[in-house]
Colleague: 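The structure is given below, and queries will be raised subsequently.
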Amino acid sequence: KTIENGSLVVTKIESRSRRKSAPKPYTTSVLQQDAANKLYFTTKKTMMVAQELYEGIDIKGEGTVGLISYIRTDSKRISEEAKEKSKEYILDELGNQYYKNASEDKKKGKDGKKVQDAFYKENSKLDINDLSFKSISLLDGDLENNQIFLTGESHGTKASYELKEYFTRYFVEKAGVKYIIYEGGFCTAQLINEYLKTGDMEIINYIMSNLRGTQSYTKNHYESIKNLYKYNQSLPEDRKLQLVGIDIEHQPLIARRYITSLLPKDEAPSELKEMIEHVKKISRNNYQNNCKEIIKILENNQESAKEYLGNNYGNFLFGVKNLSISSGQLVREKYMINNFIEQYEKLPKGKYFGQLGGFHVSQSGVEDKDGYIPFAGYLQNNYKGTEGKVLSISFEYENSNCYSPIGNEEYYIKNSFVNYTDAVYTTDIFPKDKKTTLFKLNYEGSMFLDKYNLCPYPYAKIYQYVVTISDSPSSEKYE
């Protein structure tokens, strides 16, 4: 009452300046949280919108323009090109007083020097023309006790393809790898396996024609498949390679071709004729419903279907089921894991090598908001068949281009090591001679095997090795 009836007088006014930093770039999890809290978006809607923004929006006068970077990459690094353009804008439009280069003010302290020395302790320059593999022998000690070898790339980069071919040869010849894990659909992998046996170029030409508009629509991808065929031809019969497709079916028409190839030439029994019609109706825009109908018919006529399809029944059902769940591409880790395990448990025992997107080869056991952990993390920590037998190698890029299917090249620097060790900056981990270099992090006594104040998670338990790549051009568009 005293306050309500009283007279208040302002006796002093103080004005203060507060510094507010620009918000940091979004990671996938923070993007989902903000979209849920501020826009009331479900996770599914957030990822659908993000995917559209990544693939490109039609902007008048500019065509299709990608507006955000790849959503599954949580690197907070900003490319030198972007930094330089931002600097030019600030200096030209606002003036010198509004520009400050924070990186020039940072001084690498004792901790940073300690991390850098530990990082450089065991390394070797890679020579992809060295088929004696002396330059990559740093890996030799980790071959016997591991069964799955994974390299993590940024897609659409020329150096990534060159290294994939080199690592394939190394792991085949030194570790006895038999299976190639393929980041593509089961059906696509099976068609490529047919090409590896027959050399029928029409198969590869058909696959490439359906990859238009993807990061795989490049000369480098085309040549890598051809080179794999040539290499496979040089191997003895009992060591021939086989692709294991673990991803969802991104290209329905490729899947349809493989599924159709499994159908006998003989007329189908009456109870299966409707199934054949649904196979014929599979198209880019209408494949999930047709596949679901095919699955229903198979379930209701299992004995008849097994007799009609014979030895092809299992692959036919696997391919149809995989195509039926193939929608979108961001939340697909659980499908990749399940697809691999189902094939792993059926195939004869052997060792595996695969080069996948960097996220998939992380052995982090930390779940994202949707409850998924990376492919390699699950196999290493959660699946008894491969537990403790996975080796992950992370590719780190400096000043490198990646091919963008929407028509423009952009700098894409993925530095997960830097994210985990704030005391080490991009220029510190990349050799000054810019040569592609292999770094071993899981050596005895390595600081990266333990938690450290600069490394919130033992980094060598996420990636055991790092390969640094500098100045790689993008892959070339396939014509």
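Computed from a predicted model, the values in this text were never measured in an experiment. Residue numbers run from 1 in the order of the sequence given.
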Colleague: With sequence neighbours excluded, what pairs up with Phe149 under the ring-ring contact (aromatic ring centres under 6.0 Å, His included) test?
Modeller: Phe171

Colleague: Does the salt bridge (charged side-chain N to carboxylate O under 4.0 Å, His left out) test come out yes or no for Lys174 and Glu144, once each step is laid out?
Modeller: CA-CA 9 Å; Lys174 292 293 185 178; Glu144 184 177 350; over 6 Å; no

Colleague: Using modelled atom types only, decide if a donor and an acceptor are shared between the side chain of Thr188 and the backbone of Gly184 within a distance under 3.5 Å.
Modeller: no

Colleague: Looking just at side-chain N and O atoms, do Asn442 and Lys440 make a donor-acceptor pair shorter than 3.5 Å?
Modeller: yes

Colleague: Would you kindly say whether Asn322 and Tyr335 are connected by a side-chain donor-acceptor distance under 3.5 Å?
Modeller: no

Colleague: What distance separates Ile393 CD1 from Gln355 CD, expressed to the nearest 0.5 Å?
Modeller: 9.0 Å

Colleague: Taking the six-membered ring for Trp, are the ring centroids of Tyr465 and Phe439 within less than 6.0 Å of each other?
Modeller: no

Colleague: Determine, for Tyr206 and Arg257, whether the Lys NZ or Arg CZ falls below 6.0 Å from the six-membered ring centre while staying within 45 degrees of the axis.
Modeller: yes

Colleague: State, without any angle test, whether Asn339 and Asp247 hold a side-chain donor-acceptor pair at a distance under 3.5 Å.
Modeller: no

Colleague: Please tell me whether Ser86 and Glu84 have a donor and an acceptor in their side chains that are separated by less than 3.5 angstrom.
Modeller: no

Colleague: Could you check whether the rings of Tyr161 and His221 sit parallel, tilted or perpendicular, using 30° and 60° as the cut-offs?
Modeller: perpendicular

Colleague: Gln343 side chain to Gly245 main-chain N or O, any donor-acceptor pair under 3.5 Å?
Modeller: yes

Colleague: For Lys321, is there an ion pair with Glu249 - N to carboxylate O distance below 4.0 angstrom?
Modeller: no

Colleague: How far does CD1 of Ile204 sit from CG of Leu191, to the nearest 0.5 angstrom?
Modeller: 8.5 Å

Colleague: Is the Tyr383-Tyr378 ring centre distance short of 6.0 angstrom?
Modeller: no

Colleague: Drop me the distance from Cys187's SG to Arg256's CZ, to the nearest 0.5 angstrom.
Modeller: 12.0 Å

Colleague: For Tyr170, give me all partners under ring-ring contact (aromatic ring centres under 6.0 Å, His included), at least two apart in sequence or on another chain.
Modeller: Phe133

Colleague: Decide if atom NZ of Lys477 counts as having more than 12 heavy atoms of other residues, nucleotides or ligands within a radius under 6.0 Å.
Modeller: no

Colleague: Are the side chain of Gln380 and the backbone N or O of Val390 linked by a donor-acceptor pair below 3.5 Å?
Modeller: yes

Colleague: Looking only at heavy atoms, which two atoms of Ile373 and Gly377 are closest? And how far apart?
Modeller: CD1-C, 3.8 Å

Colleague: State the CD1-CD1 distance between Ile254 and Ile207, to the nearest 0.5 angstrom.
Modeller: 5.5 Å

Colleague: Under 3.5 Å, is there a donor-acceptor pair between the side chain of Thr157 and the main chain of Ala159?
Modeller: no

Colleague: If only atom types and distance count, is the side chain of Asp200 paired as donor or acceptor with the main-chain N or O of Glu202 below 3.5 Å?
Modeller: yes

Colleague: Let me confirm one number: the OH-CD distance from Tyr403 to Gln215, rounded to the nearest 0.5 Å.
Modeller: 8.5 Å

Colleague: Does Thr214 use its side chain to pair, donor to acceptor, with the backbone of Arg212 at less than 3.5 Å?
Modeller: no

Colleague: Is it true that atom NZ of Lys197 has more than 12 heavy atoms of other residues, nucleotides or ligands lying nearer than 6.0 Å?
Modeller: no

Colleague: Keeping the roles fixed (side chain from Asn220, backbone from Glu476), state whether a donor-acceptor pair exists under 3.5 Å.
Modeller: yes

Colleague: Do Asp127 and Lys435 meet the salt-bridge criterion of a basic N to acidic O distance under 4.0 Å?
Modeller: no

Colleague: When you check the side-chain N and O atoms of Asn227 and Glu165, is any donor under 3.5 Å from an acceptor?
Modeller: yes

Colleague: Please determine whether the number of non-hydrogen atoms from other residues, nucleotides or ligands lying under 6.0 Å from atom NZ of Lys45 exceeds 12.
Modeller: no

Colleague: Among Ser160, Ser470, Ser472, which one satisfies side chain to side chain donor-acceptor pair (under 3.5 Å) with Tyr397?
Modeller: Ser160

